[in-house]
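The figures here come from the full heavy-atom set of this structure, side chains too, leaving out hydrogens, waters and symmetry mates. Per chain, numbering begins at 1; letters A, B, ... match sequence-line order.
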Amino acid sequence: MSTTETILQTEGLTKTFKVGFWGRHVTVLEGLNLNVQRGEVFGFLGPNGAGKTTTIKILMGLIYPTGGRATVLGRPVGDSRAKDRVGFLPESPYFYDYLTAVEFLRFYGHLFSLRGAALENRVTELLDLVGMSHASNMQLRKFSKGMLQRVGIAQALINDPELIVLDEPMSGLDPVGRKEIRDLILRLKERGKTIFFSSHILHDAELLCDRVAIILKGRMVACGHVSELVGQGATQSVEMVVEGLSSEGLEHLQPLTEKLLIKGNQVLIVLRNQQQVGNALEIVRVAKGSVVSVTPQKGSLEELFIREVKGTQSSLREGQ
Amino acid sequence: MRVLSIALNTFRENIREKLLYNLLIFALLMIGSSVLLTRLTVGEWDRLIINLGLSSMNLFGVLIAIFVGISLVSKEIDKKTIYTILSKPVPRYEFLLGKYLGLMLTLLVNTAVMVVGLIAVMIYLDAPVTLLLFEAVGFIFLELVVITAVGLLFSTFTSTTLSAIFTLAIYVVGHLSTDLKQFGAQMDGLGKAVLNTIYYILPNLERFNLKGQVIHKVNVVGTDVLLTTAYGLAYAGLLLALASIIFQRRDFQ
């Protein structure tokens, strides 16, 4: 990214819903600040019920915020000039199942006033892009979940949008389906699209995203580049598997380790940090053991995520 | 054009619905059954055909209008398809109007099929087909224009079950509203005021009922036709405008 241009922005976005017979107020989003730049793949992460879908619905003009502001492509949400340049796939939609894939995409094309040969070309091109050309004249009711998700993405791309918003695009898909969607997202990024997607599947986000934001109970708890976030907190431990180690050697190793597991002839040692590796190897050499493997453990987004969830839960408990 | 696309998609959805065919077949059977009933009737049998035919057309049209109409919007919300449409540059009122016109198109085709059925029976039994009959059918359709708008209005803010109950209630009370006014005239004070208000707020659906005129061969004055048509269209237009305002403010949770 040579130039940065804000594509999507929220400032202090807040939403409360009235629930139940007495209209009790429940805060779903609280002061959310987001900033997505042109050309990036931005992951919007959080457990179920964190407020991801609510945020996305506000951005798409489907629900109205109680407070704060949000802009999409420099215009306030709901502005039709912005909607012209945005594509959206809701979470597990059940599309018009009486339509064939071609009829389905044509219908959405009409909503953008696409007609004639231009529309037909666009439909063919999109079915090809999402790998669904073989099923173009099949009714959607016969589609698998992965196929539906792919025509769903095609639907979101019918207007050749600059910003593509996907709500849980990988949920409910098998590993193959997930990989297909991941590849599709990367292909769109190559074409210069900005992609904003929500997910609770962290592995996918880690593979795809330039930046991520993590929200919990309607509040942002972390935001930044994946590498920065992962590097921040996680301790860089090292796993080592050693064979034929004498009991004397084991005793010497003990102080260096965080965890020591003996399994038959092999010992799994978890070292606290990378600096210990040299010492450990020396001890193994002296004790005439042989090293099977040395694996540095990188912190994952998952660890960060779980830590944040636990942190928020305990702070909430303290608050009570 | 967007409204038309949504309307055509709704029409396509409706004609692939089983409920529609069940109701239509039942209506045609009822119209057809008059062939048998005339054998049991002494004289005046053409009245029976007209009465049964127009009543079936009205009843089944209203049933389709209510049961398809109230689910027009809620189905799109349940299936989340509404999110994909409203996130595109489609104003909410256009969506609502498109859904409404789609169902009206379905009802038009439906009414046409029933008219063909009725005329076939009449020709078979040598009953005279008059212009007045077509006016009566036109008015039945006008009533559907109003009832569908009532159903759509309810469905923008309440559940499908409640919408169905409310719309049916309005259909029934709408046919009795003249009685309500007469009843009110015999009361005084609050009762009269309440019944009068109900009379003026609810649609006067009896205005769309020309069965008596067709049976007794009483011609309808041209200005009456125009006034009733204007009344029906204006009433439906007002309901749609109200539905759009409610729909515009709604959160799609």
Where do [X] and [Y] come nearest, in terms of heavy atoms and distance?
| X | Y | value |
| --- | --- | --- |
| A:Y94 | B:D78 | CD1-O, 4.5 Å |
| B:T84 | A:Y108 | OG1-OH, 2.6 Å |
| B:K79 | A:D97 | NZ-OD2, 4.2 Å |

Contact winner vs chain B - A:L99, A:T53, A:D167, heavy-atom pairs under 4.5 Å: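 The option with the most such pairs is A:L99.
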Heavy-atom pair count under 4.5 Å with chain B, highest-scoring of A:H110, A:K57, A:E103, A:M60: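 Heavy-atom pair counts peak at A:K57.
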Contacts of residues 22-32 of chain B with chain A (heavy atom under 4.5 Å):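 Expected list: none.
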Residues of residues 87-94 of chain B with any heavy atom under 4.5 Å of a heavy atom in chain A: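 Within residues 87-94 of chain B, the residues that come under 4.5 Å of chain A (heavy atoms only) are B:S87, B:K88, B:P89, B:V90, B:R92.
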Part of A:S92 within contact of chain B (heavy atom distance under 4.5 Å):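 For A:S92, the contact with chain B is made by backbone and side chain together.
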B:F183 CZ: over 12 foreign heavy atoms closer than 6.0 Å: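 No.
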Residue pairs passing the salt bridge (charged side-chain N to carboxylate O under 4.0 Å, His left out) test where at least one lies in residues 243-253 of chain B, sequence neighbours excluded: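 Of all non-adjacent pairs touching residues 243-253 of chain B, those that pass salt bridge (charged side-chain N to carboxylate O under 4.0 Å, His left out) are A:K15-B:D251.
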Close side-chain approach of A:F107 to B:I85, heavy-atom, < 4.5 Å: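 Of all side-chain heavy-atom pairs linking B:I85 with A:F107, at least one is under 4.5 Å.
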Steps toward side chain to side chain contact (heavy atoms under 4.5 Å, CB included) verdict (B:N9, A:F104): CA-CA 9 Å; B:N9 191 41; A:F104 172 76; over 6 Å; no
Contacting region of B:I6 [heavy-atom separation from chain A under 4.5 Å]: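 For B:I6, the contact with chain A is made by backbone and side chain together.
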Gap separating the CZ atom of B:F95 from the CG atom of A:L111, nearest 0.5 angstrom: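 The CG atom of A:L111 is 10.0 Å from CZ of B:F95, to the nearest 0.5 Å.
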Euclidean distance, B:T10 OG1 relative to A:Y96 OH, rounded to 0.5 Å: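 Rounded to the nearest 0.5 Å, the OH-OG1 separation comes to 7.5 Å.
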Heavy-atom contacts under 4.5 Å, residues 112-119 of chain A to chain B: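 Interface residues of residues 112-119 of chain A: A:F112, A:R115.
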